[in-house]
Each structure stands twice: as structure tokens, then as C-alpha cells.
Amino acid sequence: MVVISGPKGNQQSDDTMSGSEPEDDAKPALNTLIMQKFPEVVPLNVGGMYFTTRLSTLRRYEDTMLAAMFSGRHHIPSDSEGRFFIDRDGTYFGDILNFLRSDDLPPRERVRTVYKEAQYYSIGPLLECLDELQPLASEKVRKAFLDLLPYYKGDVLLSLFICENR
């Protein structure tokens, strides 16, 4: 006897094992396995440094990597103690968390390295705040000036030539 079932008209005989499921029924089961659940208080292991924070802190800004990681759409591996593992240097992750918690900015001597971490995690509001701090602002002015120099090289050489001949 032949049984036709499903929208695709899959044929199945009586000889098949009773435990087998049609393909369409297996897909929703796989989708539910992918969705990862997170506790309200999240233990983290960032490059061997341990942190604990609220899930809402990690999801504070929707368009960040941390919000995406802890949305449930991605699998985050756990270490042997059950902490969610992020394979990144944890040295400046505390500064990232402090900003997410209360908009605190890092000390001036750590601005450049925290800026790089904020770029990695795509935390736009932190990047904007760090852009305004002096070490980065002066570096940007310097870079902009140096980028313009090639366009004025001819003018500078002409000015030097005129000065030498006077």
C-alpha cells in the first residue's frame, strides 16, 4: 500500500519505520533547538575573565553585537562552569559593561583600547562618546591634517622656492 501525505506529495510505504517523521515536521523542531534561552542574570567568561550582568544590560542597544549574541538567535558556548564564553580579551570588557549599565566612560588612558572594543561589539553610542574625548579627537585632527598634505605638496614646494629666491 502507498500513502501520499504532505503538500509535496511525498510517497511513503508501510515498510518505513513507525518512528520516522516527515521532513516538514522535523524543521520546526530544529528551529526550536537553535533558539537559546538566557537567564536574567548572565554569567560571562570573556577571555578567561569573569563577569556577571543582567540580560537587559547586554541587550540595552538593539543594534550591537552583544544584543544579537544574546537575542537567542545564536548559540553562545559555555565554559565548564556554565558561564557564557566570549572569545575576546576581557581586559576592557568591564569598561564596556560600565557604559552599558550607566553610561560611564573609561579613564583617559584606556580610551583608545576601549574604542577598539566598542568597534568590535558595534556599540555606536559608546563610539560617539569616545569620539568626543581628547585623545581620539586630537588624533583625528592630526590624521585629517596629514591626509591633506599630499594635495598641498606642490603649493608648499612653490612657497619654499619663492622664499629661497627672495
Could you walk me through whether Glu117 and Arg88 pass side chain to side chain contact (heavy atoms under 4.5 Å, CB included), step by step? CA-CA 9 Å; Glu117 291 301 298; Arg88 194 82 180 152; 3.1 Å; yes
Assess the residue pair Ile96 and Leu126 against the criterion (side chain to side chain contact (heavy atoms under 4.5 Å, CB included)); give the C-alpha distance rounded to whole Å, side-chain angles, the decisive distance to 0.1 Å, and a yes or no. CA-CA 8 Å; Ile96 299 291; Leu126 178 54; 3.7 Å; yes
Determine whether Thr53 and Val41 satisfy the following criterion, side chain to side chain contact (heavy atoms under 4.5 Å, CB included), listing intermediate values before the conclusion. CA-CA 6 Å; Thr53 192; Val41 176; over 6 Å; no
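Residue Pro43 comes nearest to Gly82 through the heavy atom pair CG-O, 4.2 Å, listed as atom of the first residue, atom of the second, then distance. Smallest separation of non-hydrogen atoms from Pro39 and Leu55: O-CB, 3.7 Å. Arg59 and Ala67 get closest at one heavy-atom pair: CA-CB, 4.0 Å. Nearest heavy-atom pair across Thr64 and Ser122 is CG2-O, 3.4 Å. The minimum heavy-atom distance linking Arg101 with Thr57 is given by the pair CG-CG2, 3.7 Å. In terms of heavy atoms, Val42 sits closest to Arg54 at CG2-C, 4.4 Å.
Between Ile86 and Leu66, some side-chain heavy-atom pair lies under the 4.5 Å cut-off. Inter-residue side-chain proximity for Val111 and Leu105 is flagged as unmet; no heavy-atom pair is nearer than 4.5 Å. In this structure, the side chains of Glu40 and Ser56 come closer than 4.5 Å at one or more pairs of heavy atoms.
For Glu109, the CD atom sits in a packed shell: over 12 heavy atoms of surrounding residues, nucleotides or ligands are nearer than 6.0 Å. In Asp87, the CG atom is not crowded: 12 or fewer heavy atoms of neighbouring residues, nucleotides or ligands sit closer than 6.0 Å.
A distance of 6.5 Å separates SG of Cys129 from CG of Asp103, quoted to the nearest 0.5 Å. In this structure, CG in Leu44 is found 10.0 Å from CG in Asp79, a value given to the nearest 0.5 Å. Considering CG of Leu58 and OG of Ser71, their distance stands at 11.5 Å, rounded to 0.5 Å. Atom CE of residue Met65 and atom CD1 of residue Ile123 lie 9.5 Å apart, to the nearest 0.5 angstrom.
Salt bridge status for Asp89 with Lys116: absent, with no side-chain N to carboxylate O gap under 4.0 Å.
For the pair Arg60 (side chain) and Phe99 (backbone), a donor-acceptor distance under 3.5 Å is present.
Met69 and Phe85 fall into different hydrophobic clusters, defined by Ile, Leu, Val, Met, Phe, Trp and Tyr side-chain heavy atoms under 4.5 Å apart, directly or through other members.
Evaluation of the ring pair (Phe, Tyr, Trp, His ring centres under 6.0 Å) test over residues 37-63, restricted to residues two or more places apart or in two chains, returns Phe38-Phe70, Phe38-Phe84, Phe51-Phe93.
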